[in-house]
Amino acid sequence: MGSYSLAMNNNFYASQLNERQLEVVTDTENPVLVLAGAGSGKTRSLIYRTAYLIKEKQVHPWNILIVTFTNKAARELQERLEKLLNIPVRSLWVGTFHAICCRILRFESAHLPFNANFSIYDEDTQKSLLKKIYKEYGFDKQSFPINNILTRISRYKNKLMLPEDIKFQGEDKDSEFATFLNIYRLYQQQLLLNQALDFDDILLWTAKLLLNNNTVREKYRAQFQYVMIDEYQDTNKAQFEIVHQIAGGHQRVCVVGDDDQAIYSFRGASLRNILEFEKDYNSVHSIRLEQNYRSTGNILALANAVIANNRRRHSKELWSELPVGDKPVLAVYENEIEEANRITDAILKLQRKGIPLREIAVLYRTNAQSRVFESALIQAEIPYSIVGGVQFYQRKEIKDLLAYLYVLSNLNDNESLLRIINEPARGIGQTSINRLIGFANKTRISLFSAIQNVEAIEELGNPAKKRISEFCLMLERWQQSVSRKPALEMVKTIVEELELISHYQNSNDPQDIARAENLVEFVTSVSEFSEHFYQENEREPLIADYLPYVALQTDLDRVKENMDSIRLMTLHNAKGLEFEAVFIAGLEDELLPHRMCMNNQDSIEEERRLFYVGITRAKNYLHLSYTKSRRLYDTFYFPVPSQFLTEVDSRLFYHSDGDFGIAQPPKRIKKTNKVITESQKYYKIGQKVFHPEYGLGVILSVDGEGEDARLTISFGNRLAKIIGRYLMKNEE
DNA sequence: GACCAACAGATTTTT
DNA sequence: TCTGTTGGTC
């Protein structure tokens with residue numbers, strides 16, 4: 001393809017796309033709903049559609065909005081588009097909802113109760129903010145667990161409901177709900193005081209702004225003439241509203257999604273949006289993409305069989321012209337260590353076959369499962385990259401440094417200020433900090449102002465005052481240059497003056513060495529960002545340009561594309577990716593489906609979709625496994641194979657362990673146990689018990705009640721912690 | 001105010 | 001198992 005004049009004519013599109021895809025690309029003027037099965041070329045369709053708009057319809061890239069699910073997807077889309085068009089398309093708006101909304105909020109801060117340099121609080125910061133509120137107002141952590149409260153707040157925000165939007169009638173002042181509402185109100189108040197938004201706020205404020213402000217809405221309607229949304233099945237109410245406000249007028253909107261791949265309902269996503277798209281917009285053109293270009297026939301057959309068990313779905317059946325290929329392997333292992341080792345062996349075999357490591361992925365349900373794989377891979381000297389897990393930007397040393405940047409760009413950010421006031425330690429202890437906070441609250445000023453006026457605080461002793469004002473002078477000095485000096489320079493100055501890296505480097509704790517390395521990597525990443533930013537904007541980025549970017553970065557975005565390493569990640573993180581070979585480990589009830597999700601039909605169906613997403617990542621080789629026993633933290637489990645395995649025809653698998661077919665899953669001890677009489681239901685210290693693997697033992701301690709009790713048991717020469725239900729009691 | 005040891009508590013998925 | 005918190009000591 002030498003030039004785009006040659007490339008860009010209708011024949012060209014027809015030669016590159018199938019008929020359905022071509023419809024997606026060329027119907028630019030109506031609302032389009034694309035129901036795109038896994039591997040059906042939906043990203044490809046979006047890219048060609050954008051190219052078509054720009055080249056054939058002469059639409060300016062500035063007038064196109066594309067929302068992707070991850071930053072990485074946005075980047076890839078832009079790169080592939082530029083390659084196709086042979087020109088850079090910088091003015092195109094491509095990004096995640098959060099990134100795009102951030103940009104809008106910064107532009108429109110004049111209409112909002114916070115300024116353009118607002119801070120963005122991640123989950124940890126949300127929690128510590130809530131903890132302070134609990135402390136100050138005396139809320140009880142037991143009756144109002146922080147996590148639970150945050151989830152509830154998030155639910156409301158995703159539905160665009162601030163505390164003042166929630167009506168409650170007939171509830172008395174002390175009711176649980178009234179207290180919750182009170183916490184929510186205080187939390188929101190604190191956020192605004194700090195000039196900070198949490199992740200949900202970014203969507204909420206954008207949606208509210210577009211809903212309530214005609215001028216702003218018209219402005220973005222006029223700008224975004226063409227709107228495309230990827231992964232529409234995972235959008236929530238706030239996201240729906242944002243799209244609807246922008247595209248509801250001109251109706252030139254194309255959404256792409258697959259209800260079978262909806263896996264984010266815990267984040268407020270609702271299938272409603274994709275199921276009712278045809279009602280939300282006028283004369284919608286629906287297009288189904290069912291031809292799969294990714295997986296071999298046998299893999300697809302399993303995928304179809306698994307998802308067929310879901311009831312709430314648009315029925316569709318993927319088909320492929322690819323060869324049938326190998327059957328998915330189903331393997332059983334003794335325990336999670338053997339699972340990791342044997343999978344590692346299999347990986348080595350694939351490598352010998354010439355499959356590059358980066359084309360091999362190990363997927364699991366929970367991050368905790370990654371540890372065993374890490375050690376197995378280290379032992380085998382196979383390089384790996386973990387996607388997710390303990391995230392880079394969540395690390396203490398990185399968050400400390402980021403907190404400095406937040407404070408410098410937003411002096412109202414008390415949370416970040418508290419994080420760094422004694423980090424690195426400079427002798428400002430809890431007592432002094434409490435006095436500072438007290439003073440700030442009393443005089444209704446920000447913490448930073450309190451620090452500036454430290455001399456006026458009578459409660460503080462002279463040494464404390466001196467340290468605080470030194471800290472303050474340092475911040476003020478940096479603050480003066482923060483709107484002038486490039487981000488990279490600022491970061492380097494801070495790191496050097498605080499001696500952050502050298503401080504960690506001089507330690508002999510390996511963890512500190514790792515911290516020093518992380519800080520070096522952080523500086524590198526700022527420099528990479530700066531280079532990229534310079535190319536796009538022809539100026540050096542400031543801290544204010546860097547922070548909104550980094551706040552929305554995830555670990556997903558950090559994996560080096562070309563690095564030849566095995567990818568380890570959760571099933572959630574695997575969405576949108578594809579690999580030559582995929583291993584899915586831990587296919588056991590209570591893990592997949594996860595025990596938190598086994599109590600209702602809807603969440604089981606979501607878990608099944610998660611499994612489906614995992615299966616459909618594989619191009620040629622799929623390997624599934626479960627174990628007979630698994631240790632999680634300090635407890636042994638004896639799992640049963642996932643119901644998702646037993647509910648499909650076992651002939652869909654190649655059973656790697658000969659006679660150990662899925663047709664006869666290991667018996668569930670709980671079910672086969674004799675009738676237990678009332679008096680036997682509870683475990684007692686000293687009681688004799690029988691365990692199918694360890695034999696006879698004596699209970700040493702009991703934690704909890706009944707079948708769920710956690711027992712410490714002595715089996716002759718070894719101790720084990722075991723859940724009650726996995727035991728058989730000895731006849732007494 | 002800094003440091004350390006003991007202890008409790010939580011362990012689903014993420015922009 | 002691991003992390004964060006608390007309570008005690010110097």
Side-chain angles (χ1 to χ4, degrees), chain A residues 67-74 95-102 120-124 126-128 131 135 141-142 145-148 150-151 154 157-158 197-204 206 231 234-236 238-239 262-269 363-372 387-391 393-394 396 422 424-434 461 463-464 467 511 548-557 569-575 586 590-598 603 606-607 609-611 613-614 631-637 703 710 721:
Chain A
V67 182
T68 58
F69 198 68
T70 61
N71 297 303
K72 186 171 156 240
T96 61
F97 271 106
H98 287 84
I100 280 161
C101 291
C102 240
I120 297 172
Y121 284 178
D122 65 4
E123 205 185 316
D124 286 344
Q126 288 180 284
K127 279 183 191 164
S128 66
K131 276 183 195 161
K135 219 175 200 171
K141 254 196 258 175
Q142 304 287 309
I146 301 247
N147 283 326
N148 176 329
L150 277 179
T151 315
S154 174
K157 287 190 174 178
N158 288 157
L197 308 193
D198 62 24
F199 283 123
D200 298 318
D201 280 336
I202 295 173
L203 305 178
L204 173 135
T206 311
E231 308 283 6
D234 279 323
T235 52
N236 60 32
Q239 291 164 329
I263 52 175
Y264 280 92
S265 72
F266 70 90
R267 207 164 79 189
L363 311 181
Y364 37 77
R365 176 66 232 266
T366 67
N367 279 309
Q369 287 168 261
S370 71
R371 292 181 62 94
V372 252
V387 183
V390 184
Q391 305 210 348
Y393 295 103
Q394 304 285 87
K396 180 192 171 299
N422 199 31
R426 50 175 71 86
I428 305 173
Q430 201 52 56
T431 323
S432 307
I433 292 173
N434 287 341
R467 293 185 199 123
Q511 228 188 344
Y549 159 83
V550 77
L552 301 176
Q553 282 296 295
T554 66
D555 228 41
L556 216 57
D557 305 312
M569 69 189 93
T570 62
L571 288 159
H572 281 89
N573 273 327
K575 178 163 140 160
E590 307 222 313
L591 207 48
L592 188 77
H594 195 273
R595 67 175 68 83
M596 299 301 219
C597 307
M598 288 175 77
S603 47
E606 177 145 322
E607 295 285 295
R609 291 194 289 268
L610 197 51
F611 183 35
V613 167
R631 197 172 81 164
L632 198 57
Y633 304 119
D634 60 353
T635 311
F636 288 88
Y637 293 88
D703 184 10
R710 281 162 56 159
K721 285 202 177 180

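Order of the sequence lines fixes the chain letters, A, B, ..., with proteins taken first and strands second; residue numbering starts at 1 for each chain.
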Self-check item: Proximal nucleotide (of B:dT15, C:dG4, B:dG1) relative to the A:K131 side chain
Solution: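 Closest nucleotide to the A:K131 side chain: C:dG4.
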Spacing between [X] atom [atom1] and [N] atom [atom2], to the nearest angstrom:
| X | N | atom1 | atom2 | value |
| --- | --- | --- | --- | --- |
| A:E123 | C:dG4 | CD | P | 13 Å |
| A:N148 | B:dT11 | CG | P | 12 Å |
| A:R595 | B:dA10 | CZ | P | 15 Å |

Quiz item: Does any donor-acceptor pair link the side chain of A:R365 with the base of B:dT13 at a separation under 3.5 Å?
Solution: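 Flag set: donor-acceptor pair detected.
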Practice problem: Go through the N and O atoms of the side chain of A:H594 and the base of B:dT12, and report whether any donor-acceptor pair is under 3.5 Å. | Solution: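 Counting by modelled atom types and ignoring angles, no donor-acceptor contact under 3.5 Å is found here.
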Quiz prompt | Partner set under side-chain hydrogen bond (donor to acceptor under 3.5 Å, both in side chains) for A:E606, not counting sequence neighbours | solution =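 So A:E606 forms a side-chain hydrogen bond (donor to acceptor under 3.5 Å, both in side chains) with A:S265, A:R609.
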Every protein N/O lying under 3.5 Å from an N/O of nucleotides 2-5 of chain B:
{"unit_1": "B:dA2", "atom_1": "OP1", "unit_2": "A:G427", "atom_2": "N", "d": "3.2"}

[X] side chain near [N] phosphate (N/O to OP1/OP2, under 4.0 Å):
| X | N | answer |
| --- | --- | --- |
| A:T366 | B:dT13 | no |
| A:N147 | B:dT12 | no |
| A:R371 | C:dT1 | no |
| A:T570 | B:dT12 | no |

Quiz item: Using the C1' atom in both, what is the distance from C:dG4 to B:dT13, to the nearest Å?
Solution: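 So the two C1' atoms sit 23 Å from each other.
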